Structure formats: structure tokens, C-alpha cells
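One structure is given below, encoded as C-alpha cells.
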Protein chains: 2
Amino acid sequence: MTKIKEKRAAAACSLPLNQILAGDCVEIMNSLPEGSVDLIFADPPYNLQLRGDLLRPDNSRVDAVDDEWDQFAGYAAYDQLTRDWLAAARRLLKPNGAIWVIGSYHNIFRVGAELQNQGFWIMNDVIWRKSNPMPNFRGKRLTNAHETLIWAAKSENSKYTFNYEALKSLNEGVQMRSDWVIPICNGGERLKDDQGDKAHPTQKPEALLHRVLVGTTNPGDVVLDPFFGTGTTGAVAKMLGRDFIGIEREESYRKVAEKRLSRIRRFDSEAIATTKAKRAEPRVPFGQVVERGMLRPGEELFSIGSRHKAKVRADGSLIGNDVKGSIHQVGAALEGAPSCNGWTYWHFRREGKMIPIDILRQQIRAEMEGEVSRPS
Amino acid sequence: MTKIKEKRAAAACSLPLNQILAGDCVEIMNSLPEGSVDLIFADPPYNLQLRGDLLRPDNSRVDAVDDEWDQFAGYAAYDQLTRDWLAAARRLLKPNGAIWVIGSYHNIFRVGAELQNQGFWIMNDVIWRKSNPMPNFRGKRLTNAHETLIWAAKSENSKYTFNYEALKSLNEGVQMRSDWVIPICNGGERLKDDQGDKAHPTQKPEALLHRVLVGTTNPGDVVLDPFFGTGTTGAVAKMLGRDFIGIEREESYRKVAEKRLSRIRRFDSEAIATTKAKRAEPRVPFGQVVERGMLRPGEELFSIGSRHKAKVRADGSLIGNDVKGSIHQVGAALEGAPSCNGWTYWHFRREGKMIPIDILRQQIRAEMEGEVSRPS
DNA sequence: TCGTCGCTTGAATCCTAGC
DNA sequence: AGCTAGGATTCAAGCGACG
């Protein structure tokens, strides 16, 4: 055993494994031995900068993330925190270690730039596509339906861990992509406090951590989470036979996490549970047919026997006989029927022949083959 | 017309619309009139950290050594380029203008942070999820199956354009999410040079620009693309009846783009028109319903299920359960809600049926349209 | 036991014309 | 510029009540 390896083995022995450390993550990370951690997973505050209340159309109030820990004086203050905790994290990592950070557009660009500035080497950015996001209630922006994760090695030369085959098998034999469809954490998995309210405003789903840890750590690795919260990282690490170190400032979160972790049992080594992605026929909006130029705005569609016709508009709606709306709505209106399947009702003309538009939907679906993970 | 408006109208007249300008985008943008552009779509170079091969805007090469220190020099040079073109873009935008930038993990974090630093206000980050990405051949990372776009208004107070209904219509009646599934540009859409090779390495699909322009511009808007390439932005703008300005340094790209644009035809105006937002419809005071005798003073209105009722008064106010006020105020008071849309809340009785009063507003609006629209 | 219906909820930078 | 009032705005899941 070389001197360096001896040193690391000693360091590892002195690590407070499988515990939750109380306090400020920068101070605590700086008190742990240098170069001793395999992977860091971090879910830092997002600096959401929310203004007033937000009401749903039914006048109920959205429970906002207005906690003290997400309040910052401005970008400068947020950047200072980011620099500090990333530097401490970098010091802790083994040379071949890696880091994951999750965030939203409020903070992720600043975090990503600082990762690069400190010499981390980005492997991928990964999109967590939420199958059930909260909608945009006022119709003023797009539904914020994803969050972004950055996966980066400690340096360009790091021999990082990447379990290609494991991820491929998680994805039904197809190479894992950089966009992951996973539901938000709710239902039985969502931890509640004694009053029955959610114990933490931003608990992450275990499925997300499952994929991260299966893909970029090995059993026995040390995984550190500096913003531990209610301990999703620790819970999944324990199930998967990885050691964890959690750091959390808030006592209430630590208590919930301790209780949670005490109930977790490690999977037996053979039975590494794989989250099966469900297959479903993806819904194809007619608008995609227009966007992709398969039909042009202004082009005419015909019902069977050409009894009715309608014109395609740029936003994927139809206009026919003064009726505007979706392919289904306009078909139903023209037929005086309560409903209508526009995909089979409407036809377009090519070289004198009438072709059902459903052909175009089938083409789009064929192109989407190979996407495996989808909302159920 | 105010002085400011005059100035802008003059500026618009002097804009080189529907042309491709040759040269460095920063210089050219700075030569155009301030506050004259509605939307900027930018696909800046990604050539970052490819072992230091970084080109300055004037095409000179940044000297690179492959040690770690130089990485920072590489980032610094790229950041300088980003600051320069974003500042020039910001100057060009109208106060209510907006910008889209597309990039990958190599550059998008630096661009996003700089956007925020300059005072742009991010509305959404949008994921272009490629339905047919290039696989990762060596199995060393995840398949890089997406790119990131940032949509930002010029400032927090900008009244940006967002065609919510049009995008919802493109998505078949469900509000548009921040993740967009669109195939990469290939097949017939992919432009080839005389040798049959692809004319541009990163030609963007027209479907992507279609969604961007339908969603965040109106017909007649001025759309500028400072990294025009082979002109996808211009092509889609022309089809959709928007004016464009392209800036491109490379003559070979300009030539391909000119040829492409000359073949594009604008869709007819009926096809370009998109679904209108309700907010855009003229306001109808409830008093008009009473004045026109559609409802009589003294007539009773009912909430759904007849849980509450109120009486119409001659001045167009309601009185119910001792509360007097507008249809909205009385509805809100009776429900104990902070607000209420009286048009959808209240119903009147005709032949035993409950009919929402919004029907009456629609009748008035239809009559108003008849007054306004004349044969042209 | 099973399906249906209604209620609740989720990291959200969520209104605007007119006075 | 600040205030007031009109009135526009939601998707997917989970869970409990109910028949």
C-alpha cells in the first residue's frame, strides 16, 4: 500500500459515516478530511425570489417556498454562498470523485458557471422532466415542468464512475438519455410532520437519487449531501449499500430524516430493485404536425367525401365555416356531433388522393421510438 | 403621437428589414437604432473548452495552452464575447422586447448568468428534447439528448409578448410545458452545399423557431438573429409574417441563406392569425346588459346550484344578502373569496334553465364586431 | 372489492387597463 | 407613479367518501 493510499484509508476510517451532522455545511465540510468522498449530491437553495401570494383559479393559495433559508440579498450574496460551498465540496472529493447539483433557472446558471470556474468538468446536464408538474395558473409563462441537474467530475482528468450498462438496463436496454421522466415526490413517499403538513417544502423523489447513485457510484462508495433536508440521498444510499454523510442545519429536518433512515433496509445484494419505466402511447398534439411542416398553415383538410372542409392555422387550430378550434372541436361542430376524433375525421390531399391525417401522427410516433421513459 | 413614439417609428423605418447583414454582430448591432427590435433569437457559438480553440468575434484565435490555468483564460474570453453581444442585443431591444438564446452545457450556464447580470429577466428555460439524438458512441456519458433555450424579457418590468392561447392550441388544448420534443434537423430540411455536404454544422429545425415565434411574437414584429447561419430564424419569420434582420459573418452561410429565403412564401393571413386571448377582447360593462334590456332591473341571478342569489339593479350593480356592488364584488363577498369573475359566476333563469350571464356578454361582443369590421 | 367523484396539492421569479 | 377595480386563470395524481 502506498503512502497516499494509506492516508486515504485512514481518512476514510475517521469519516462520520451514515450520520447526519448538524450545522453549516461549509464549516463542517472543511472539518472533514481532504480527498475522502466519492460523490457529492447537492440540492442547494434555489433563490426563487417569489413576490406576492399566488392563487389558483379556484382561489386556493399555493403553499410557497418562502422559508428563511431561501432568502438572499441578491445575486452577489447567492454567488458567495455558491463559491464557498463548492470550494469546500471540491476539497473533500477524491481526485476521481464527482458531484451532482440540482437547480432551476433561478440558480442553475450561476451554479454551473461557478462549477466550471473552479475547475470541475461537466459530464452532462440532465433534465428531470416532471410527469406531474404544477401548472402555470395565470397563463403568463410556460408550465415550469422540469429541473436541471449538472453532473461534473472533479477535474477534466478524473476517472469518474459511470455504470453505463446499469443505466442502460434501467432504460430497458436502450442507452440512457440526458432527460429523465420522473414524477414529483408526493403520495406515501412524501414525508409529513406531526400536523400532517409536508415536512420539507422541496423533498426530492427517491427515483431521482436511485438513478444518480446506480449510475455514478459503486457499492461501498461514500456519498455526501451538504443540504441533506429530510434525507432522500441518505435513504437511497442506504438501500443501495452506499455509505452516506448528511449535513443539515435545521433541527426539524434532521429529526424527520433520522426517523426515516432508521426504517430503511438495505436491499439484498442481488435484488437491486430497478424502477421500471412504463410504456404508453405518447399523446401527439396536432400542432406538432404543423410545426414540423408536415401540413402547412393555410392548407385545406377535408372530411370523408369532402362534405366539409377546414383550413389549418399556424397555431395548430382549424378554421372552417366560421368555426375555430382543435381538429376535434371543428369536426364535431361541422357534424353537429357532441364529439369527433379529428385524427380519423380529417384528410389532406396529396397527388389527387385523400390521406387521413392520422398517418402523420403515426410518423411522429415512429420518430419517437427509442424514448423509453415516459409518464405512465 | 408622442415624441418617443415618433422616434421609434423613425427608427423602424431606417431598419434594414428582411435582409442579411454581413459582418461582426456586435459592430452591426451597435450601428442599428436603439430600442427598435421586438425579439432577438440567438444561437451563439458553443466552441468553448474544446482545448482552448476559441475564436474572438473578429475571427482571431485565442492563444491556448492546455494547462489548467489556461482553462480560465478560455472561459474569460468566452465570457467577454458573451458580455459584448448581449449588451449590444440589450441596447437594440424595445423596452418590452425579449430574447431567446440556445446552447448546451458547454456554454449555457455562462450565458444564463450573464443574462441575469445584465438585468434580463428569465421567463423560462426551455428544453429542446431531441427525438432522434446522436448516441454516445463510447458509452462514457449519457446520450446528450437535449439542448437548453433561455427565454428572457429585457427587464423585470417588461410587458413581454406571450401568446398563451396559441401555444395551448399547438399543444391540443393543454398548456405548453417547458420541455419541447422536436426532431433534429435532417432530411429534406437540412441544407446541403454544392458538394452535397451539410451547409452548416448546427442548423436548427424550423419547428423549433415556429414554436418560439408563434409563442412570443405577433405578426409584423421585428425579429433579429445575430448569428444567422443558414437563416432558419429568417425563414420561419417570413412564413409567419414577421420581419427579420439577420447578421452573419461567413459568406458561405449568407449565400445559402439568401437562396433559401428567396424561395419561402408567406402563409396567408387567415392561417397566420392565431387563437386570441380573452384578455384581448373588448371590455363589456355589465351595465350594458341591463341598458339593452337583456336582463331587467329586479331580475334575480343565481350562483351554481343556486346557493346564492342576487337582484339586478337599474345601474348595473347587484344587491344580494345586503351586499351591494358589481357582479364581481357581490360574488366575491357571498363566497368569502378574495376575487370572483362575476361573468361566469352568475346565471339567470329562462324556461326553467340556468344560463350563465357570460352568454349575454358574448352576444354584445358579436354585435360590436359587426359594427367595426367592414369590407376592405 | 371496485369504480367514480370530489377535494387537495406540488421549488412559482404568475394581471393590467385606466384613472 | 401609484392605486383601484375588472375579471382571467390549472394539470396530473393521490386519497377518502360513497355506492
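So that the names make sense, note that chain A is the first sequence line, chain B the second, and so on, each numbered from 1. If you're wondering where the values come from, they're calculated on a predicted model, not measured in any experiment.
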For [X] and [N], what is the distance between atoms [atom1] and [atom2] respectively, to the nearest whole Å?
| X | N | atom1 | atom2 | value |
| --- | --- | --- | --- | --- |
| A:Asp63 | C:dG10 | CG | P | 6 Å |
| A:Phe137 | D:dC11 | CZ | P | 10 Å |
| A:Lys198 | C:dA11 | NZ | P | 6 Å |
| A:Met134 | D:dT10 | CE | P | 14 Å |
| B:Asn171 | D:dC11 | CG | C1' | 11 Å |
| B:Phe162 | C:dA12 | CZ | P | 17 Å |
| B:Asp358 | D:dG6 | CG | C1' | 13 Å |
| A:Ile184 | C:dT9 | CD1 | C1' | 8 Å |

Polar atom pairs between nucleotides 15-19 of chain D and protein, under 3.5 Å, N or O only, would you list them?
| unit_1 | atom_1 | unit_2 | atom_2 | d |
| --- | --- | --- | --- | --- |
| D:dC15 | OP1 | A:Gly188 | N | 3.3 |

Pull out every protein N or O sitting under 3.5 Å from an N or O of nucleotides 1-8 of chain C, one pair per line with the distance.
none

5'-most contact on DNA chain D (nearest-nucleotide basis), B:Glu165 vs B:Arg177, goes to B:Glu165
Short N/O separations, protein against nucleotides 16-19 of chain C, under 3.5 angstrom:
| unit_1 | atom_1 | unit_2 | atom_2 | d |
| --- | --- | --- | --- | --- |
| C:dT16 | OP1 | A:Lys140 | NZ | 2.8 |

[X] side-chain N/O to [N] phosphate OP1/OP2 under 4.0 Å:
| X | N | result |
| --- | --- | --- |
| B:Tyr160 | C:dT13 | no |
| A:Tyr46 | C:dT13 | no |
| A:Arg51 | C:dT13 | no |

Aromatic contact, B:Trp100 with B:Trp151 (centres under 6.0 Å)
yes
Could you check whether B:His347 and B:Phe302 have their ring centres less than 6.0 Å apart?
no
How would you label the contact of [X] with the nucleic acid (heavy atoms, under 4.0 Å): base, sugar-phosphate, or nothing?
| X | value |
| --- | --- |
| A:Ser104 | nothing |
| A:Cys185 | nothing |
| A:Arg61 | nothing |
| A:Pro133 | base |
| B:Lys168 | sugar-phosphate |
| B:Ile327 | nothing |
| A:Asn144 | sugar-phosphate |

Looking at the base of [N], is there any donor atom on it, or on the side chain of [X], that sits under 3.5 Å from an acceptor on the other one?
| X | N | answer |
| --- | --- | --- |
| B:Ser326 | D:dA5 | no |
| A:Arg190 | D:dG14 | no |
| A:Arg141 | C:dT13 | yes |

The test is side chain to side chain contact (heavy atoms under 4.5 Å, CB included); show your working for B:Leu170 and A:Glu291 and say whether it passes.
CA-CA 8 Å; B:Leu170 268 182; A:Glu291 287 177 337; 3.3 Å; yes
Separation of the [atom1] atoms in [N] and [M], to the nearest angstrom:
| N | M | atom1 | value |
| --- | --- | --- | --- |
| D:dA12 | C:dT13 | C1' | 23 Å |
| C:dA11 | D:dT9 | P | 25 Å |
| C:dA12 | D:dA5 | C1' | 25 Å |
| C:dT1 | D:dG19 | C1' | 12 Å |

Please determine whether the number of non-hydrogen atoms from other residues, nucleotides or ligands lying under 6.0 Å from atom CD1 of B:Ile304 exceeds 12.
no
Got a sec: does the NZ of A:Lys198 have more than 12 other heavy atoms crowding it under 6.0 Å?
yes
What pairs with B:Glu335 under side chain to side chain donor-acceptor pair (under 3.5 Å), at least two apart in sequence or on another chain?
B:Tyr345
Mind checking side chain to side chain donor-acceptor pair (under 3.5 Å) for B:Asp125 and listing every partner two or more places apart, or none if nothing turns up?
A:His146
Pull out every stem in DNA chain C, meaning runs of 3 or more consecutive Watson-Crick or G-U wobble pairs with both distances under 3.5 Å.
C:2-10 with D:11-19, C:15-19 with D:2-6
Assess the residue pair B:Ile150 and A:Tyr105 against the criterion (side chain to side chain contact (heavy atoms under 4.5 Å, CB included)); give the C-alpha distance rounded to whole Å, side-chain angles, the decisive distance to 0.1 Å, and a yes or no.
CA-CA 9 Å; B:Ile150 300 174; A:Tyr105 67 84; over 6 Å; no
